[in-house]
Protein chains: 2
Amino acid sequence: MASAEPLRVVAQRLGSLPPPCAHCDARERNFCAALDPAELAELAKVMTEATLPPGGVLFHEGAPADYVMNVTDGAVKLFKLLGDGRRQILGFRFAGDFIGLSAGADYSYSAESLTEAKLCRFPRRKLDAVRERFPQLDRRLLSLSIDELTAAQEQLLLLGRKTAEERLVSFLILLSQGQVRRGQTADPVVLPMTRSDIADYLGLTIETVSRTFSALKKKGLIELQDTTHIHLVDRDRLEEMASGLA
Amino acid sequence: MASAEPLRVVAQRLGSLPPPCAHCDARERNFCAALDPAELAELAKVMTEATLPPGGVLFHEGAPADYVMNVTDGAVKLFKLLGDGRRQILGFRFAGDFIGLSAGADYSYSAESLTEAKLCRFPRRKLDAVRERFPQLDRRLLSLSIDELTAAQEQLLLLGRKTAEERLVSFLILLSQGQVRRGQTADPVVLPMTRSDIADYLGLTIETVSRTFSALKKKGLIELQDTTHIHLVDRDRLEEMASGLA
DNA sequence: CGTAACTTTGAAAGAGATCAACATTCGTGG
DNA sequence: CCACGAATGTTGATCTCTTTCAAAGTTACG
C-alpha cells in the first residue's frame, strides 16, 4: 500500500512560499504549509481555482467527495439539514481555511459561500496520490483535523449548555480571534453572514439573535456601528460571559 | 525532523494480531489496526495497561496531554465544564475506541470512566517517535480523527436543532449502532450511563430525559426492560424521528 | 434492611420560539 | 439619482417546550 519512495525531508515547513500555490498563502489552517516547494509544485499541477458568487454552492451533503479545497478569499458556511428543513450551520470558513475532508466517499455536510469567495480545488484522487509520496502531508492534515474537532467540541458545549446571550458573546469573541489569526484587527468584529446564518449556527431563531444584540447594546457591552460591524466595548467582561461564569 | 529510516512496508494491515497488543483487539476505531506486527511490538514496549473503577479519572481538561489511550474494556465519558459547573458530555467511548489526541500540549476536555474500564496507555512522546518512523500511523490517526469530527458534527445538528424526543431517539439509535460495530446485538440497547450523563450529552435535564423515555414508552416505540436496557419496538419509525421528518 | 443515590412524576416558572407588525437596507430600474 | 419593492433586521405580544422546584418511587449496596 504505502510506497517506499525515498522521502524528501525538508525542515523548512513555514516561511513564505512563492508562485506554486500563489493564492494559497501560508496560513495556519492551510494544509499547503506542510509542504516544501517541490511538493507544492506537484499539488499546483492538479489544482484549479474557482470564484463563487455570494450564495454559491461548493458541494452538497451526500455528493461524492471528489475535491478538497482551500478558501483563499471570502467566507463560506458549512451546514447540515434535517428532513423537514431545519438547518444547523457547523461552522464558517475564511481565507486560509481548508474544507472537504470526508470520512467516507461522500461529503457529510453542505457548503455554500457567504460572500464572493475564491477557492483552490484539489481532486481528492490526485491528493491521495501526493499523500502516498509525502507522508508529512498526512501529519499536517491530522493536525488540521484535530483543530477542527476541538473547535467542534467547544461548539457542542455552546449548543448544549450556554444561554442565548452566552452563545452570541462566544460567537463574537470567536470571530474576533479568527480575524486576529488572519492578520486583521481584533476589534470591530465583521459579520459577513446574515442574522439567519448566525441563528442557525447558534441554535437560536433570528428574533432571539436580534433581541440579544439589542440587550448587549443596552448593557453597554457592545456597539453596533452598523448591522455588520460590532465594537466590543468591554472585552474582559465578554470573555467572562463566554466562559459561563455566572 | 523526520527520520529517513527504511520503512517496513507490510500489506497485511488487518487480520488478527496476536500477543503484542493483546488487549487491543483490532476494532475499527483502534489505531493499532494500522500497524504490522513489528510496529505493534514497538508500541507494546511503551504501552502500559490500567484498570479504572467506575467514576475514575482518565485525565482533566487543561492537564498536560502526556498520554493517548485505547479503551479495551468498559465505557468512558468525555466532557467539558463551564465556569459555573454546567457540563456538556462530548461523547462516550467504548472498547476499541481511541482517546486523547490533542491539538495543543494540554487535553481540551476531561475523561472519566462510566463503568470499570481497562485502558492501554501510550506516552505521547514515545508515540510521536513511532509516528516519525511509521508514517502510515498518521494516516490511520487522520482517519480516526475525521470519523470523530463527523460524529461531532452530527451531534451539533442534534444539539442545535432537534427536539428533546428527537435527541433521545437519535441517542438510542447511535448506541445501537455502536453495539453492532462492536459485534454485539443491535437491539436491547444497553445504557451504562446515568440519566444525568444522558442529559448532559443531549443538552437536556434529567427530568426531561426521564419524561421523554416515559413518553416514548407510552407511544409504544420503546420498552424499558429495566432502567438500563431499552428495547426498540419500532426501529423504522424511530430512525425516521431521528432524522427530523416531521 | 436501612440509607443514600438514582429515577420518575407532578406543578409552576421561564427562556426562547412563534406569530405579527414595523423599520431598515439594498438592488433595480425608471 | 431617486423611487420602489423585496429582502433583511428589529421589536412587541403571546405561547410552548423545557427547566426548575418539589416530592414520591425505586434501586443498589453496606
Side-chain angles (χ1 to χ4, degrees), chain A residues 53-55 77 82 84-89 114-116 158-171 190-219 222-230 241 244 246, chain B residues 53-55 77 82 84-89 112 114-116 158-169 171 190-219 222-230 241 244 246:
Chain A
K77 61 186 170 196
L82 285 174
D84 63 358
R86 277 172 285 172
R87 183 178 68 153
Q88 179 63 38
I89 292 189
L114 241 41
T115 61
E116 178 173 287
L158 180 149
L159 291 175
R161 289 300 179 221
K162 291 187 186 178
T163 65
E165 192 169 66
E166 289 166 344
R167 292 181 199 200
L168 192 56
V169 168
S170 300
F171 177 60
V190 181
L191 305 176
M193 67 291 288
T194 65
R195 295 291 188 264
S196 177
D197 287 332
I198 297 173
D200 283 350
Y201 180 59
L202 299 179
L204 303 169
T205 59
I206 55 176
E207 294 93 333
T208 298
V209 169
S210 187
R211 271 187 254 276
T212 306
F213 270 124
S214 301
L216 290 172
K217 189 170 69 174
K218 192 149 71 179
K219 290 185 188 175
I222 65 171
E223 278 166 18
L224 285 80
Q225 300 173 1
D226 62 76
T227 319
T228 61
H229 293 79
I230 316 277
M241 289 170 66
Chain B
K77 62 186 170 196
L82 286 175
D84 63 357
R86 278 171 287 171
R87 183 179 69 154
Q88 178 62 39
I89 291 188
E112 291 181 8
L114 242 41
T115 61
E116 177 172 289
L158 180 150
L159 292 175
R161 289 299 179 222
K162 291 187 185 176
T163 65
E165 192 170 67
E166 289 166 344
R167 292 181 199 199
L168 192 57
V169 169
F171 177 60
V190 181
L191 305 175
M193 66 291 290
T194 65
R195 296 290 189 262
S196 177
D197 287 332
I198 297 173
D200 283 351
Y201 180 59
L202 299 179
L204 301 169
T205 59
I206 54 175
E207 294 94 332
T208 298
V209 169
S210 187
R211 272 187 253 275
T212 306
F213 270 124
S214 300
L216 290 171
K217 190 170 67 174
K218 193 150 70 179
K219 290 184 188 177
I222 65 171
E223 279 167 15
L224 284 80
Q225 301 173 2
D226 62 76
T227 319
T228 60
H229 293 79
I230 316 277
M241 290 171 66

Self-check item: Heavy-atom check, side chain of Leu191(A) versus side chain of Asp197(A), under 4.5 Å
Solution: no

Quiz prompt | Closest to side chain of Thr227(B), choosing from dT18(C), dT10(D), dT7(C) | solution = dT7(C)

Quiz item: What's the CG-C1' distance between Leu114(A) and dT8(D), to the nearest Å?
Solution: 14 Å

Practice problem: Can you tell me the distance, in whole Å, between the CD atom of Glu166(A) and the C1' atom of dA15(C)? | Solution: 12 Å

Exercise. Determine the contact category for Thr208(B): base if any of its heavy atoms lies under 4.0 Å from a base atom, sugar-phosphate if only primed atoms, P, OP1 or OP2 are that close, otherwise nothing.
Key: base

Quiz item: So which heavy atom on Phe213(B) is nearest to which on Ile230(B), and how close?
Solution: CE2-CD1, 3.7 Å

Quiz prompt | For atom CG of Asp200(B) and atom P of dT18(D), their distance in whole Å | solution = 17 Å

Exercise. Could you check how far CG of Leu168(B) sits from P of dC17(D), rounded to whole Å?
Key: 17 Å

Quiz item: When rounded to the nearest 0.5 angstrom, what is the spacing between CG in Leu204(B) and OG in Ser196(B)?
Solution: 11.5 Å

Practice problem: Using the closest heavy atom to pick a nucleotide of DNA chain C for each, name whichever of Glu207(A) or Leu224(B) lands nearer the 5' end. | Solution: Leu224(B)

Quiz prompt | Interatomic distance where CZ belongs to Arg195(A) and C1' belongs to dT11(D) [whole Å] | solution = 14 Å

Quiz prompt | DNA chain D: 5'-proximal contact among Ser210(A) and Arg161(A) (nearest heavy atom) | solution = Ser210(A)

Quiz item: Taking the side chain from Arg161(A) and the backbone from Arg86(B), do they hold a donor-acceptor pair closer than 3.5 Å?
Solution: no

Quiz prompt | Nearest to side-chain heavy atoms of Ser214(A), which nucleotide of dT8(C), dT10(D), dT19(D) | solution = dT10(D)

Exercise. Return the angle between end axes of the helix from dC1(C)-dG30(D) to dG30(C)-dC1(D), with five pairs used per end and rounding to 10°.
Key: 40°

Practice problem: Could you tell me whether the phosphate oxygens of dA15(C), OP1 or OP2, come under 4.0 Å of any side-chain nitrogen or oxygen in Thr163(A)? | Solution: no

Exercise. For residues Leu202(B) and Glu166(B), determine if any side-chain heavy atom of one lies less than 4.5 Å from a side-chain heavy atom of the other.
Key: no

Practice problem: Mind calculating the distance between CG (Leu202(A)) and P (dG16(C)) to the nearest angstrom? | Solution: 12 Å

Practice problem: Classify the side chain of Glu165(B) versus the base of dC17(D) as yes if they form a donor-acceptor pair under 3.5 Å and no if they do not. | Solution: no

Practice problem: Considering non-hydrogen atoms only, spot the tightest contact between Lys162(B) and Leu82(A) and give its length. | Solution: CE-CD2, 3.6 Å

Quiz prompt | Integer-rounded Å distance: dA15(C) P and Lys162(A) NZ | solution = 19 Å

Practice problem: Classify the side chain of Arg211(B) versus the base of dG10(C) as yes if they form a donor-acceptor pair under 3.5 Å and no if they do not. | Solution: yes

Quiz item: Looking across every strand, which nucleic acid part, if any, lies under 4.0 Å from Ile206(A) by heavy atom: base, sugar-phosphate, or nothing?
Solution: nothing

Quiz item: Can you find a heavy atom in the side chain of Leu159(B) that is under 4.5 Å from one in the side chain of Arg167(B)?
Solution: yes

Quiz item: Rounded to whole angstrom units, what separation is found between the CD atom of Gln225(A) and the P atom of dG9(D)?
Solution: 17 Å

